[in-house]
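Lettering follows sequence order; numbering is per chain, from 1.
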2 protein chains.
Amino acid sequence: MEELKDLLNQRNLKATPARLQILSLVQNYDGAVPFGEIQSHLGELDRTTIFRTINALLQNGLIHKTQFGNAETYFAMCPKTCSEQGHQHQHVHFKCTNCEVVSCEDLSSNPRIEIPNFQIDKVDIILTGVCNRCLVVQVSVN
Amino acid sequence: MEELKDLLNQRNLKATPARLQILSLVQNYDGAVPFGEIQSHLGELDRTTIFRTINALLQNGLIHKTQFGNAETYFAMCPKTCSEQGHQHQHVHFKCTNCEVVSCEDLSSNPRIEIPNFQIDKVDIILTGVCNRCLVVQVSVN
DNA sequence: TAATTAAATGCAACATTGTTGCACTTGGAA
DNA sequence: TTCCAAGTGCAACAATGTTGCATTTAATTA
């Protein structure tokens with residue numbers, strides 16, 4: 001908890017209960033946290049505060065977000081390569097259709113994403129399928 | 001217009017004014033159409049009808065949608081490989097930060113998207129940058 | 001340790017996107 | 001022309017997200 005406090009202060013963010021609670025939830029969650037989960041775990045906080053807290057953490061490179069279609073937004077911790085200057089992620093986002101867990105994953109090899117005569121500044125890869133844990137269960141059941 | 005009507009009837013959808021108008025707008029728009037654009041071009045239609053019409057076209061493989069972060073949803077025509085059985089797109093979605101146009105584009109080469117021990121069913125690649133047209137303008141201005 | 005203040009929070013009000021139920025209307029086939 | 005399943009409009013609702021303003025608080029400093 002003291003680490004999270006330092007992390008916030010390093011970014012010139014006050015270590016308030018709201019921020020510590022949300023950061024701690026995101027850090028300890030199995031995979032990326034759906035927005036609804038943040039809301040229900042922090043029901044005593046005003047919704048506005050939750051939104052503003054999330055935005056502060058996003059802008060300062062402590063967490064990042066991803067979305068699957070129109071559905072819920074998910075939040076996960078950032079690697080140390082992120083800062084208030086911007087986000088730098090190499091990973092992709094994966095949602096398992098079996099256990100519903102959303103996670104940050106590394107690809108086997110980094111793909112070359114190019115379109116002729118276009119300048120590409122940001123790449124976002126969103127995958128759906130079955131995760132390693134659920135595949136193992138399926139195999140062992142059969 | 002007669003083609004669009006046939007297209008709808010082939011999918012067992014009635015060729016109603018709402019559907020013809022939305023399909024026609026999506027077909028003739030420069031790039032993918034933002035939702036707000038559909039709404040403002042079809043202001044005389046009830047919002048519910050717009051949502052239901054869009055959903056019908058999505059489910060029947062006539063159009064597809066994409067999103068950039070929390071921002072607006074965009075709609076574009078589907079290739080003929082899509083049907084009520086499901087969508088089959090090879091293309092990626094690109095948003096130009098200069099002209100704001102969102103478009104479906106093909107990559108130079110199809111990347112191999114793999115995560116060890118995961119089964120990947122659906123790949124969604126969302127790119128941001130500067131499109132070919134805006135790059136040309138920048139070059140000719142300098 | 002108390003005072004100070006910029007930053008953070010809570011509350012109220014609002015806007016947009018999206019859904020559902022139900023009554024009414026209509027496209028397309030017989 | 002008739003018919004009816006499919007489509008539409010309306011009302012009500014729910015969730016996400018934003019803004020302005022008054023109040024509270026974390027962290028500094030005296």
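To the nearest angstrom, C1' of C:dT17 lies 10 Å from CD of B:Q67. Here the P atom of nucleotide D:dG17 and the CD1 atom of A:I38 are 10 Å apart, to the nearest Å. Atom-to-atom, CZ of B:F51 to P of D:dA15 comes out at 16 Å; the value is rounded to the nearest Å. As a whole-Å value, the separation of A:D46 CG from D:dT18 P is 14 Å. Remark: C1' of C:dT17 and CD of B:E37 are 17 Å apart, rounded to the nearest angstrom. Atom NZ of A:K14 and atom P of D:dT25 are 11 Å apart (whole Å). Between the C1' atom of C:dT17 and the CZ atom of B:F75 lies a distance of 11 Å, rounded to the nearest Å. The interatomic distance linking B:L7 (CG) with C:dG27 (C1') rounds to 17 Å, in whole Å.
Here B:A56 lies out of heavy-atom contact (under 4.0 Å) with every strand.
The base of C:dG10 has none of its N or O atoms less than 3.5 Å from a complementary donor or acceptor on the side chain of A:R47. No hydrogens or angles were tested; on distance alone, nothing pairs the side chain of B:R52 with the base of C:dG18 as donor and acceptor under 3.5 Å.
A:Q90 CD: 12 or fewer foreign heavy atoms inside a 6.0 Å radius. A 6.0 Å sphere centred on CD of B:Q88 holds no more than 12 heavy atoms belonging to other residues, nucleotides or ligands. More than 12 heavy-atom neighbours from other residues, nucleotides or ligands sit within 6.0 angstrom of CD on A:E44.
The side chain of B:T48 approaches C:dG21 more closely than any other nucleotide in the set D:dG7, C:dG21, D:dA27. Comparing D:dA27, D:dG7, D:dG17 by their closest approach to the side chain of B:T16 singles out D:dG7.
Proximity of A:T49 to the phosphate of C:dA8: no side-chain N or O atom is located under 4.0 Å from OP1 or OP2. Here B:R19 reaches the OP1 or OP2 of D:dG7: one of its side-chain N or O atoms lies under 4.0 Å away. Checking the phosphate oxygens (OP1, OP2) of C:dA6, no side-chain nitrogen or oxygen of A:N12 falls inside 4.0 Å. B:T53 has no side-chain polar atom (N or O) that falls below the 4.0 Å cut-off from OP1 or OP2 of D:dG7. For D:dA15, neither phosphate oxygen OP1 nor OP2 lies less than 4.0 angstrom from any side-chain nitrogen or oxygen of A:Q39.
If you find the closest nucleotide of DNA chain C to B:A15 and to B:K65, the one lying nearer the 5' end belongs to B:K65. Taking the nucleotide of DNA chain C with the nearest heavy atom to each of B:E72 and A:A18, the more 5' of the two is matched to A:A18.
When atom types are taken as modelled, the side chain of A:H93 and the backbone of A:L127 share no donor-acceptor pair closer than 3.5 angstrom. Checking side-chain atoms of A:E105 against main-chain N and O of B:I115 turns up no donor-acceptor pair under 3.5 Å.
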